[in-house]
Amino acid sequence: MNSRLLLLLGIGALMGLETDAVRLAAQEPPLPAASAPTAPVVRLEVSPTQVTFPSNREVQRFVVLAHHADGRSWEVTSAVRWQIDDPKIVQFDRPAIARPLADGTTKLTATWGQHAVHATIRVQELARERPVEFHRDVQPILTKAGCNSGGCHGAQHGRGGFRLSLFGFDPWFDHSQIVQSAEGRRVVISDPERSILLRKPVLLMEHGGGQKLHLGSREYETLRQWLQEGAAEPSANEPTVQRLEVFPSQRLLVPGEQQTLVVTAIWSDGKRQDVTATAQFDSLNEAVAQVTSTGLVTAKAAGETHIMIRFAGQATVAQMTLPYARISPYPKLERHNFIDDLLIAKWKDLGLLPSLLCSDEEFYRRIHLDVIGTLPEPQAIRQFLADRDPDKRRKAIDAILDRPEFVDYWALKWGDLLRINRDALTEKGMWSFHNWVRAQLRNRVPMDEFVRDIITAEGSTFTEGPANFFRIGRSADDWAETVAQVFLGVRMQCAKCHHHPFEKWSQDDYYGMSAFFVRLGTKNSQEFGLFGQESVVFLRPTGEATHPRNRVVVKPHPLDGPILDDEFDRRRKLAEWMTTKDNPFFARNLANRFWGYLMGRGLVEPLDDMRATNPASNPALLDALARDFAEHRFDLRHLLRTILQSRAYQLKSTVTPGNAADVANTYFTRYTVRRLTAEPLADAIDFATGTREKYQGLPLGVRAIQLPDPRVRSYLMDVFGR
């Protein structure tokens, strides 16, 4: 399938439209069915293993995997023999769906050959029927059907005079649109079957969006019952989804193999609910695996992709891996540290082999350019090559991390991240911030302390370097967005106006972050003269963030965190929360960013777009790097040293038959070749030609990697994209 068709498919899926490309894709010839493993079955696995039915409206799907001796797994849900100990409690239908009948506890057994596996089913208080809830029951149906997508009634101005919030992020607005707008003509409470809300989706009335529901289906009956019960409006006390679980969360597949996914929502009231029927499924790479609207995955071609699952504002993924080759036995590869262990495990799953170790010449040049942006001196190269110490690479790494150019190069990197430039900060403010960053790196200040000082900065932008951070943005929203993206790796801009379409972040999350900065202000000062352009960052005694839809005050709370208020400076609480060792974002974000700087691409790409629906190419490695970074007190040099000492960093960049399938080097089977950035390139040209560039306003001898900001004039660096 070509890239244009994939683009059309993506747009069509996003907007809820049936394009020609979507229809074309549906006509693709089916893949040949995959062959089941021939190795003996070791055990069966069923999910879920325990189920509690809170009402007679719920159903529960089951999935059974057979694990074979050769390491492969195979779904046998439709092939096993099912048995209910007490059929008066639960009715069991094909394909593997349980429905409650009466209160009690029973056991479900799945048998295949000589193997059996069990699940416990509990039904309680079945007689006390739960009313249909708008947020819990009605909105997921509308979202699954695409009614509130951007191409239908969720568009900015709706469709056909009927408008819903995009993906159902505003249930109160949606309820009023359904029940009250257009003089209430969309619903007939006294006779639900006459309601336009029901008649159009089943095509009993003309509907521009086509058929969305089937008459008599479970979804139809849920909407009908909601209307029959009086079309109850949302309640602030209704439970919300805390997270989603998917089984299986990861699978090794072969082309043509299929896998059924089961999705469970965990609600804030503690209940677990099978939401597979109303969850949304999308493949992040349809060339590798496709997924139907019911959660049936079909493996297509070698590679790795993730199935994105969304429900009620929450999102998760299931990893689908199709090995490029089956290498048995897999060779024993040399490893230097835990990085290599976790990469080797991934290579083994994918059937990839790494390139050979790079030469000493390559290694020595590489660490100089990657760590200090400076070419090595010829004499130093000769000494390194002549050294016969087997530990010389480790010693070279330690030595280069102590070079003074380390401060120059990484101050340049941080200056780019923090947007240090004279246009926004004035020349004095720029120098103040730049010199502060250099001092922190020179003094080996841990990254958690470095970031805390920036987030809590106040005072004169001329004397307090990090205070300039708050001159880049002009509002609490700007500062919240920048802090989230730079220090947490979260792009939360979408949540300013509506719930993030592919993440769990809501408007409440957005303004909860904004609330930490709402009392912050800047004012002009004349301490350095009438025209000195000094600014002072200060705290106001009052100020609150207000939700734009309901005008309710939003208390300060970080992403996925509790309310954290402080009578003096709320930012202190945010900084403390961010930089704890177990923070789910901070260490992972910095580990991924610096991994990307050294390895040519991040474990997550783009580097600052870390979310559940943009998973790492090696999640276990990213978690291990972040954990090690935090355990070593967020020491930047330790993080870099760990990466540099790995065998993975020291591989050749040569493509080999064993890793040619990894075209983009997503799994780091070789070193990623990349061009020099503008500043090291300018210095390298000076080094190679024996010249010294004189930069305007700076003394002769200042190198490009030492420049304080990108506004120093240089045609060469402009050409090479500084």
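Quick note: numbers below take in every heavy atom, side chains included, and nothing from hydrogens, waters or symmetry partners.
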For atom CZ of R130, is the number of surrounding heavy atoms from other residues, nucleotides or ligands below 6.0 Å larger than 12?
yes
Short side-chain to backbone donor-acceptor contact, D478 and R474, under 3.5 Å:
yes
Salt bridge check: are E544 and R570 linked by an N-O gap of less than 4.0 Å?
yes
Are K144 and E219 close enough for a salt bridge, meaning some N to O gap below 4.0 Å?
no
Does the pair R99/E58 count as a salt bridge with the N-to-O cut at 4.0 Å?
no
Would you kindly say whether T240 and Q242 are connected by a side-chain donor-acceptor distance under 3.5 Å?
yes
Describe, in one word, how the ring planes of Y511 and H547 are oriented to each other, choosing from parallel (under 30°), tilted (30 to 60°) and perpendicular (over 60°).
tilted
Indicate the atoms forming the closest heavy-atom contact of Q507 with F169, along with that distance.
OE1-CE1, 3.4 Å
Residue among V297, V63, V64 satisfying side-chain contact (heavy atoms from CB on, under 4.5 Å) with T260:
V63
Salt-bridge present (K504, D509; N to O < 4.0 Å)
no
Please report the shortest heavy-atom distance between V123 and V90, naming the atom on each side.
CG2-CG2, 4.2 Å
Do the non-hydrogen side-chain atoms of L223 and V138 ever get within less than 4.5 Å of each other?
yes
Using 4.0 Å as the upper bound for N to carboxylate O, is an ion pair formed by R218 and E221?
no
Should D565 and K573 be marked as a salt bridge (Lys or Arg N to Asp or Glu O under 4.0 Å) after you check the CA-CA gap, both sets of side-chain angles, and the distance that decides it?
CA-CA 7 Å; D565 211 342; K573 295 291 186 181; over 6 Å; no
For W226 together with F134, are the ring centres under 6.0 Å from each other?
yes
Check V552, V554, T546 against N550 for a side-chain contact (heavy atoms from CB on, under 4.5 Å) and give me the one that passes.
V552
Checking D508 now: which residues fulfil salt bridge (charged side-chain N to carboxylate O under 4.0 Å, His left out) with it, not counting sequence neighbours?
none
Which atom pair, heavy atoms only, marks the closest approach of I472 to A424?
CD1-CB, 3.9 Å
Under the salt bridge (charged side-chain N to carboxylate O under 4.0 Å, His left out) test, residues paired with E245 that sit two or more places apart
R243, R272
Is a side-chain N or O of D137 found less than 3.5 angstrom from the main chain of E133, in a donor-acceptor match?
yes
May I ask you to check if R571 and F470 form a cation-pi contact, with NZ or CZ under 6.0 angstrom from the six-membered ring centre and within 45° of the axis?
yes
Quick one, R419 and T482 - any side-chain contact, counting heavy atoms below 4.5 Å?
yes
Go through it in stages, so that I can follow the logic: the residues are E75 and Q258, the test is side-chain hydrogen bond (donor to acceptor under 3.5 Å, both in side chains), and I'd like the CA-CA distance, side-chain angles, deciding distance and then a yes or no.
CA-CA 8 Å; E75 184 181 349; Q258 293 188 317; over 6 Å; no
Closest non-hydrogen contact found for K300 with P255 is O-CB, 3.3 Å
Does a sphere of radius 6.0 Å around CZ in R186 hold more than 12 heavy atoms from other residues, nucleotides or ligands, not counting ones at 6.0 Å or beyond?
yes
Measuring from N592:CG to D609:CG, what's the distance to the nearest 0.5 Å?
10.5 Å
Flag the pair M320 / L261 as yes when at least one side-chain heavy-atom distance between them is below 4.5 Å, and no otherwise.
yes
Non-hydrogen atoms of A484 and M492 that approach each other most closely:
CB-SD, 3.4 Å
Would you check if D477 and F517 make a side-chain contact, meaning some heavy-atom pair closer than 4.5 Å?
no
L142 vs I178, test: side chain to side chain contact (heavy atoms under 4.5 Å, CB included). Steps then yes/no.
CA-CA 11 Å; L142 301 178; I178 294 170; 3.9 Å; yes
With D174, the side-chain hydrogen bond (donor to acceptor under 3.5 Å, both in side chains) member among R163, H153, Q139:
Q139
Do I307 and V246 touch side chain to side chain, with heavy atoms closer than 4.5 Å?
no
Taking only residues two or more places apart in sequence, or in another chain, which ones meet S283 in a side chain to side chain donor-acceptor pair (under 3.5 Å)?
none
Using atom types as modelled and distance alone, determine if a side-chain donor or acceptor of N583 lies under 3.5 Å from a backbone N or O of W577.
yes
I'd like to know if the side chain of N589 reaches the main chain of D608, judged simply by a donor and an acceptor atom lying under 3.5 Å from each other, with no hydrogens or angles considered.
no
Any side-chain heavy-atom pair of R57 and V132 under 4.5 Å:
yes
